[in-house]
Amino acid sequence: MINVKSSPTLTGLSDLTLTKMFGTNGVRGVINENLTVELVLKLSRATGSVFGPGMVAIARDSRKGGEMFTHALISGLTSTGCSVVNLGPVPVPALQYMVPRLGCIAGVMVTASHNPPQFNGIKVIGSNGIETSRETENQIEMVYQSNQFKTADWDKIGEVTHNDSAIDVYIEGIKSQLNVEKIRTKNLKVIVDCANSVGGLVTPRLLRELGCTVVSLNAQLDGSFPGRNPEPIPENLKALAAAVRVTGADLGIAHDGDADRATFVDETGRVLWGDQSFALIASRILARKRGSTLVTPVSSGRVIEDVARKAGAKIDWTEVGSVDVSHRIAEIGAELGGEENGGVFYPAHQPVRDGAMTATQVVEMIALEGKTLSQLVSELPVYFNTKVKVPVPQEKKEPLLKALLELTKDMNRITLDGVKIIHEEGWYLIRPSGTEPIYRCFAEGATQEIADRLSEEGVKLIECAKELV
Ligand code: MG
C-alpha cells in the first residue's frame with residue numbers, strides 16, 4: 001500500500017506573543033528562543049487567572065527545559081492563588097487521568113509531543129482531563145495580552161505539593177479495562193521503543209504486569225532524543241522493526257514524546273499505518289454494542305467507514321485535531337474516537353488519546369483472537385492514497401476556501417474542515433495548511449490510479465478557485 005501521511009505542523013518561529021499562541025495542540029516553540037521562561041511564567045499567570053482558585057496538577061515529559069519551565073509554571077500559578085500538585089515526569093494521558101481523580105480545576109503539561117528536540121511547549125487541560133476548548137484558550141490569551149492577572153494576597157499564595165502515585169493509578173486504570181488473566185496466559189513477546197521519553201515509565205512495566213516478555217529500546221529519559229526522532233513514523237522506527245524481526249517478537253510498539261500515541265510493528269517487521277491499528281481497535285470495540293458511535297476527523301479514510309458499517313456503528317465527523325475529537329466524544333457520549341495518525345480515544349477509560357491504553361488494546365486483541373498482528377491487519381480492506389501540496393499565498397487562503405465552497409456546493413461533500421468531496425470510488429480532502437502558504441489535497445481510492453485521478457481533480461478545483469480570488 002502506498003500511503004503518505006501528513007504530520008501535524010509545528011508552531012512557526014515567529015514571535016509567539018504576536019501571533020495566536022495556541023496551535024493545534026497547545027503552545028509550542030524553540031526553547032529559549034520563542035518559548036522562554038518569561039513567556040511560560042506569563043502564560044501560567046494567565047492560566048491561573050482564568051481557572052483559579054483551586055488545585056492545578058502539573059507534569060512534564062523528558063524534554064530539555066522541562067524542569068526549568070516547571071518552576072516558571074509553579075511560580076505563575078501559585079502567584080494567582082492556585083495550589084499546585086506536581087506529578088513529575090509522566091505521560092500526558094497519565095496527567096489527564098489524574099486531573100479529575102485529584103479534584104483539580106486544571107492540568108498543565110510541559111511537552112512538545114513529537115516535535116524535534118529543540119522544541120518544548122505547554123498544553124492546558126480542563127477539570128475533566130480533556131485539553132481546553134478553543135474558547136478557553138482564547139480567554140487565556142486575552143488575559144496574557146492584557147496583563148490583567150489575578151494576584152493573590154500574601155497569605156493566599158498557593159501551596160506546592162508532590163504526588164508520585166500517578167503512574168501506579170494510571171496503570172491500574174488501564175488494567176481494569178483489560179482481560180488481564182487471558183492476556184497473561186499468552187506470554188507475548190513485545191519490543192517497546194520508548195522514544196527516550198515518558199512512555200518508558202509506563203508501557204514496559206504495564207506489559208510485564210500483563211505477563212509479556214518485554215525488551216525496551218530507548219527507555220532512558222533523555223531530552224536530546226539520542227535514540228530516534230520522537231515522531232513514531234516508519235522512517236524513525238527502523239531499529240524497532242529490525243529488533244522485532246531478529247528476536248521473533250510478536251509485535252513492536254513505539255510511542256511519541258508525550259506517549260499519547262502508539263505505532264505498531266507486526267511480527268514480520270512491517271510498521272502499520274495509524275489508520276490500520278485504529279481500524280483494528282474500532283472493529284473490536286464497536287462490535288460490542290450495535291448502534292455505537294465513532295468520532296473521527298474528516299481526514300480519516302474508508303477503512304474506518306468499512307469497519308464502522310460492519311459493526312453497525314455511526315460515524316460522527318469532526319474537524320482535524322485531537323482536541324475536537326475529545327470534546328465531541330464527551331459531548332455525545334461516543335463509544336470510541338480515533339485519528340489516522342494512530343491516536344485512539346477509548347472513553348470507557350478516558351476520552352483522550354492514550355498511547356499505553358492503545359498499546360494494550362492491540363496486545364489484548366492478539367492474545368484473545370489467537371491470530372498474529374499481520375493476520376489481523378490482512379483482514380482489513382486496503383486503500384491507496386495520494387497527497388499533493390499547492391502553493392497559495394497566505395492572504396489568499398481564506399478567500400480561496402470561500403471560492404471552493406461555492407464551486408463545490410452541488411457536490412457530495414463535508415465542509416467541517418476544508419472541503420471533503422465524496423465519490424463512489426473514493427474521496428479527497430482539500431484544506432489550507434495552518435502555518436505554510438499552501439493548500440493540501442489528500443485523496444484516497446481503491447486503487448492507486450483512482451487515488452491519483454481524484455487528487456488531480458482536487459488540484460484542478462484549487463486552480464479554478466485560485467482564478468476566482
Ligand atoms: Mg503526542
Side-chain angles (χ1 to χ4, degrees), residues 1-5 178-179 182-183 186-193 207 212 232-235 237-238 240-254 261-288 292 294 296 299-313 315 336 338-344 346 355 357-387 425-427 443-451:
M1 179 163 76
I2 297 171
N3 201 331
V4 185
K5 298 284 161 171
L178 300 166
N179 189 338
K182 189 82 197 242
I183 300 169
K186 299 289 176 170
N187 304 116
L188 294 174
K189 183 169 184 180
V190 191
I191 318 275
V192 184
D193 182 338
L207 291 171
C212 299
I233 51 176
E235 54 262 45
L237 303 182
K238 289 185 179 135
L240 174 64
V244 169
R245 255 192 325 267
V246 300
T247 61
D250 293 289
L251 76 158
I253 295 166
R261 286 195 282 144
T263 299
F264 298 87
V265 175
D266 73 15
E267 78 287 356
T268 70
R270 186 177 52 139
V271 182
L272 305 190
W273 291 111
D275 55 4
Q276 292 175 314
S277 46
F278 167 32
L280 285 179
I281 292 170
S283 65
R284 281 189 80 228
I285 303 298
L286 299 175
R288 286 180 191 161
S292 293
L294 170 68
T296 195
S299 51
S300 283
R302 284 263 159 103
V303 66
I304 300 303
E305 292 183 62
D306 292 344
V307 161
R309 192 181 312 109
K310 200 170 161 196
I315 291 194
L336 192 72
E339 301 173 298
E340 41 78 36
N341 64 8
V344 177
Y346 183 48
M357 185 75 245
T358 305
T360 50
Q361 281 174 309
V362 170
V363 166
E364 186 186 50
M365 192 181 321
I366 295 169
L368 265 55
E369 308 224 346
K371 293 177 183 168
T372 64
L373 187 50
S374 69
Q375 281 168 347
L376 289 166
V377 171
S378 71
E379 294 167 7
L380 294 172
V382 177
Y383 292 98
F384 296 80
N385 296 330
T386 306
K387 194 175 120 185
E425 56 186 357
W427 57 274
E444 185 188 72
T447 66
Q448 191 60 53
E449 291 70 38
I450 292 172

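Remember, it's a predicted structure, so these values are computed and weren't measured experimentally.
Between Ser300 and Phe278, the closest heavy-atom pair is OG-CE2, 4.2 Å. For the residue pair Val377 and Arg270, the shortest heavy atom distance occurs at CG1-NH2, 3.6 Å. Across all non-hydrogen atoms, the minimal contact from Ala287 to Ala311 is N-CB, 4.0 Å. Contact between Ala262 and Gly355 at its shortest, heavy atoms only, is CB-O, 3.5 Å. Of all heavy-atom pairs spanning Lys182 and Leu368, the tightest one is CG-CD1, 3.4 Å. Shortest non-hydrogen contact noted between Ala241 and Gly269 is CB-O, 3.3 Å.
Looking at Val363, Thr263, Thr358 one by one, the single match for side-chain contact (heavy atoms from CB on, under 4.5 Å) with Ile253 turns out to be Val363. The side chain to side chain donor-acceptor pair (under 3.5 Å) with Thr386 is formed by just one residue from the set Glu444, Gln448, Glu449; it is Gln448.
With contacts defined as side-chain heavy-atom distances shorter than 4.5 Å, the pair Gln361/Arg284 does not qualify. Side-chain contact between Val344 and Leu336: present, with at least one pair of heavy atoms (C-beta onward) separated by less than 4.5 Å. With a 4.5 Å cut-off on side-chain heavy atoms, Thr360 and Met357 count as touching. Between Asp266 and Thr372, every side-chain heavy-atom pair lies at or beyond the 4.5 Å cut-off. Taking the side chain as every heavy atom from C-beta outward, Ile281 and Tyr346 never approach each other to under 4.5 Å. At least one side-chain heavy atom of Leu373 sits less than 4.5 Å from a side-chain heavy atom of Leu272. With contacts defined as side-chain heavy-atom distances shorter than 4.5 Å, the pair Leu251/Val244 does not qualify. Using a 4.5 Å heavy-atom cutoff, the side chains of Asn179 and Glu364 are in contact.
Taking CG of Asn341 as the reference point, atom CZ of Arg261 lies at 4.5 Å (rounded to 0.5 Å). Taken from CD1 in Ile366 to OG in Ser374, the straight-line distance is 9.5 Å, to the nearest 0.5 Å. Here the CZ-CG distance, from Arg309 to Leu294, works out to 12.5 Å after rounding to the nearest 0.5 Å. Taken from OH in Tyr383 to CD1 in Ile304, the straight-line distance is 10.5 Å, to the nearest 0.5 Å. In this structure, the separation between CE on Met365 and OG on Ser283 is 5.5 Å, given to the nearest 0.5 Å.
Ion pair Asp306/Arg302 not flagged as a salt bridge, since none of the NZ, NE, NH1 or NH2 atoms sits closer than 4.0 Å to an Asp/Glu carboxylate oxygen.
Not a single donor-acceptor pair under 3.5 Å links the side chain of Glu425 to the backbone N or O of Gly445. Using a distance-only test at 3.5 Å, with no hydrogens or angles considered, no donor-acceptor pair links the side chain of Asp250 to the main chain of Val190.
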Checking side chain to side chain contact (heavy atoms under 4.5 Å, CB included) for the pair Gln375/Glu369: CA distance, chi angles, key distance, verdict?
CA-CA 10 Å; Gln375 281 168 347; Glu369 308 224 346; over 6 Å; no
